[in-house]
Amino acid sequence: MRIKSLLDFVKYNCNAFLDLVYPSLCLYCGLKNDSESDIFCLNCRSKTTPTDLHLRQPNEFTRHFDGRIEIAAGSALYYYSREGIIATLIELIKYKDRKDLALQLGSYYGKMLRESVFFHEAELIIPVPLHESRLRVRGFNQSEEFARGLAGSMNLRYSRDHLIRTGFTETQTTKDRQERIQNIQGVFQLQNPKELSNRHVLLVDDVLTTGATLESCAMEIYKANPASIRMATMAMGF
């Protein structure tokens, strides 16, 4: 009993020390977080709530691909609008060199996905790749950082070696679905396809809008005859 009490005492004081030196801070406002299990403080949590899409299949995410490609499951961590906390975070990630935010979002979401029966079969995480020229400018791929976070929480491997982007495309922001599909055609290329045969793939991106980019990537991956494809993103548009 004394040993257990001593261990509990050490554990409590170590946690208190770590909380003092490395406090859990809100991902958005930077204030001290009241909950280590969440990434936002109570005030910011009141303004944004994770979706429950990972618990419902089919859902609003998967319906983007109805009649086009088959996916075993699909989910987004948050809903996205052009204003608000999630929009700001994604802007910080993509344009202010905050790859740490993408990693933390992935780590947070991975804990949720690993508890979902719809994602239990996932074996390998593949991020949507960036073109080399854009990667040089940005310095990192936000989808890859998100994938790294997911992989750590889900105890899965992630790979950037199976899907590459060979063509540079114009920004997709102002394009409708059909224009996006045309813009993205033929820009992704599969590598080492034998390694994906009969594997359950989790394909990830930052934001789902029309689904054109994810669809194009999935069509390329299907050439390798995977067992299934699942999808996950940081956010999805309304």
Side-chain angles (χ1 to χ4, degrees), residues 19 22-66 71-96 98-122 125 127-128 142-156 158 172-173 202-214 230-238:
D19 187 54
Y22 302 107
S24 176
L25 303 179
C26 175
L27 211 61
Y28 179 70
C29 69
L31 295 178
K32 190 175 185 303
N33 201 344
D34 58 305
S35 171
E36 291 186 2
S37 63
D38 212 307
I39 55 177
F40 294 120
C41 66
L42 186 61
N43 181 54
C44 291
R45 286 205 304 274
S46 69
K47 300 173 184 176
T48 184
T49 305
T51 75
D52 66 348
L53 297 176
H54 62 296
L55 303 176
R56 297 188 286 110
Q57 305 290 324
N59 57 38
E60 306 95 284
F61 188 110
T62 61
R63 280 195 283 274
H64 276 78
F65 307 96
D66 283 352
I71 61 173
S75 186
L77 174 55
Y78 291 105
Y79 291 113
Y80 173 89
S81 62
R82 293 196 178 276
E83 296 181 358
I85 289 176
I86 303 307
T88 300
L89 286 181
I90 290 173
E91 289 291 311
L92 289 171
I93 291 168
K94 295 176 70 172
Y95 305 117
K96 298 296 182 181
R98 292 299 305 276
K99 64 181 180 180
D100 59 301
L101 299 180
L103 184 67
Q104 289 182 70
L105 286 172
S107 179
Y108 177 65
Y109 203 26
K111 295 173 186 177
M112 297 169 65
L113 294 185
R114 74 186 182 194
E115 301 300 324
S116 168
V117 65
F118 300 109
F119 287 85
H120 279 178
E121 287 187 320
I125 302 175
V128 169
Q142 69 274 9
S143 297
E144 184 180 332
E145 295 303 312
F146 182 57
R148 285 180 57 215
L150 287 170
S153 288
M154 299 176 76
N155 196 27
L156 297 177
Y158 87 92
Q172 299 273 67
T173 306
L202 176 56
L203 177 64
V204 305
D205 202 3
D206 52 1
V207 180
L208 170 70
T209 48
T210 65
T213 299
L214 283 166
R230 289 164 174 77
M231 297 178 179
T233 62
M234 300 180 203
M236 67 172 288
F238 286 104

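Remember, it's a predicted structure, so these values are computed and weren't measured experimentally.
- The shortest side-chain heavy-atom distance between Leu105 and Tyr78 falls under the 4.5 Å cut-off.
- Taken from NZ in Lys99 to CD in Gln104, the straight-line distance is 13.0 Å, to the nearest 0.5 Å.
- Under the side chain to side chain donor-acceptor pair (under 3.5 Å) criterion, Thr62 pairs with no residue at all, not counting sequence neighbours.
- With hydrogens and angles left out, the side-chain atoms of Ser75 and Tyr109 include a donor and acceptor closer than 3.5 Å.
- A search for side chain to side chain donor-acceptor pair (under 3.5 Å) contacts involving Asp100 returns Arg98, not counting sequence neighbours.
- Note: Leu214 CG to His64 NE2 = 10.0 Å, rounded to the nearest 0.5 Å.
- The CG atom of Leu31 sits 11.5 Å away from the CG atom of Leu42 when rounded to the nearest 0.5 Å.
- A search for side chain to side chain donor-acceptor pair (under 3.5 Å) contacts involving Ser153 returns Ser107, not counting sequence neighbours.
- Counting heavy atoms from C-beta outward, Leu202 and Phe119 have side chains that approach closer than 4.5 Å.
- Applying the salt bridge (Lys or Arg N to Asp or Glu O under 4.0 Å) test to pairs two or more places apart or on separate chains, those with a residue in residues 52-62 are Asp52-Arg56, Arg56-Glu60.
- Phe65 has its side chain within reach of Leu208: a pair of non-hydrogen atoms, C-beta onward, lies under 4.5 Å apart.
- By the salt bridge (Lys or Arg N to Asp or Glu O under 4.0 Å) test, Glu121 is found to be paired with Arg230, residues two or more places apart in sequence or in another chain being considered.
- Here Lys94 pairs with Ile90, Arg138, Gln142, Asp206 under the side chain to side chain contact (heavy atoms under 4.5 Å, CB included) rule; sequence neighbours left out.
- A donor-acceptor pair under 3.5 Å links the side-chain atoms of Thr51 to the main chain of Ala76, judged by distance alone.
- Evaluation of the side chain to side chain donor-acceptor pair (under 3.5 Å) rule for Asn59 yields no partner, not counting sequence neighbours.
- With sequence neighbours left out, the salt bridge (Lys or Arg N to Asp or Glu O under 4.0 Å) criterion links Arg45 to Asp34, Asp38.
- Two residues are said to be in side-chain contact when any heavy atoms from C-beta on lie closer than 4.5 Å; Cys29 and Asn43 fail this criterion.
- For the pair Leu150/Leu156, no side-chain contact is recorded, criterion being any heavy-atom separation below 4.5 Å from C-beta on.
- Residue-environment remark: CG (Asn155) stays at or below the threshold of 12 foreign heavy atoms within 6.0 Å.
- Residue Leu101 holds its CG atom at 14.5 Å from OH of Tyr108, rounded to the nearest 0.5 Å.
- For residues 101-112, no pair satisfies salt bridge (Lys or Arg N to Asp or Glu O under 4.0 Å), with sequence neighbours left out.
- Although no hydrogens or angles enter the test, the distance criterion places a donor-acceptor pair under 3.5 Å between the side chain of Ser116 and the main chain of His54.
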Without placing hydrogens or testing angles, list every side-chain donor-acceptor pair under 3.5 Å for residues 231-238, not counting sequence neighbours.
from   : atom 1 : to     : atom 2 : distance (Å)
Thr233 : OG1    : Ala235 : O      : 2.8

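- Nearest approach of Tyr28 to Cys44, heavy atoms of both residues: CD2-SG, 3.6 Å.
- Counting all heavy atoms, side chain and backbone alike, Cys41 lies closest to Asn33 at CA-OD1, 3.5 Å.
- Annotation for Ala87 and Tyr80: closest pair CA-CE1, 3.6 Å, computed over non-hydrogen atoms.
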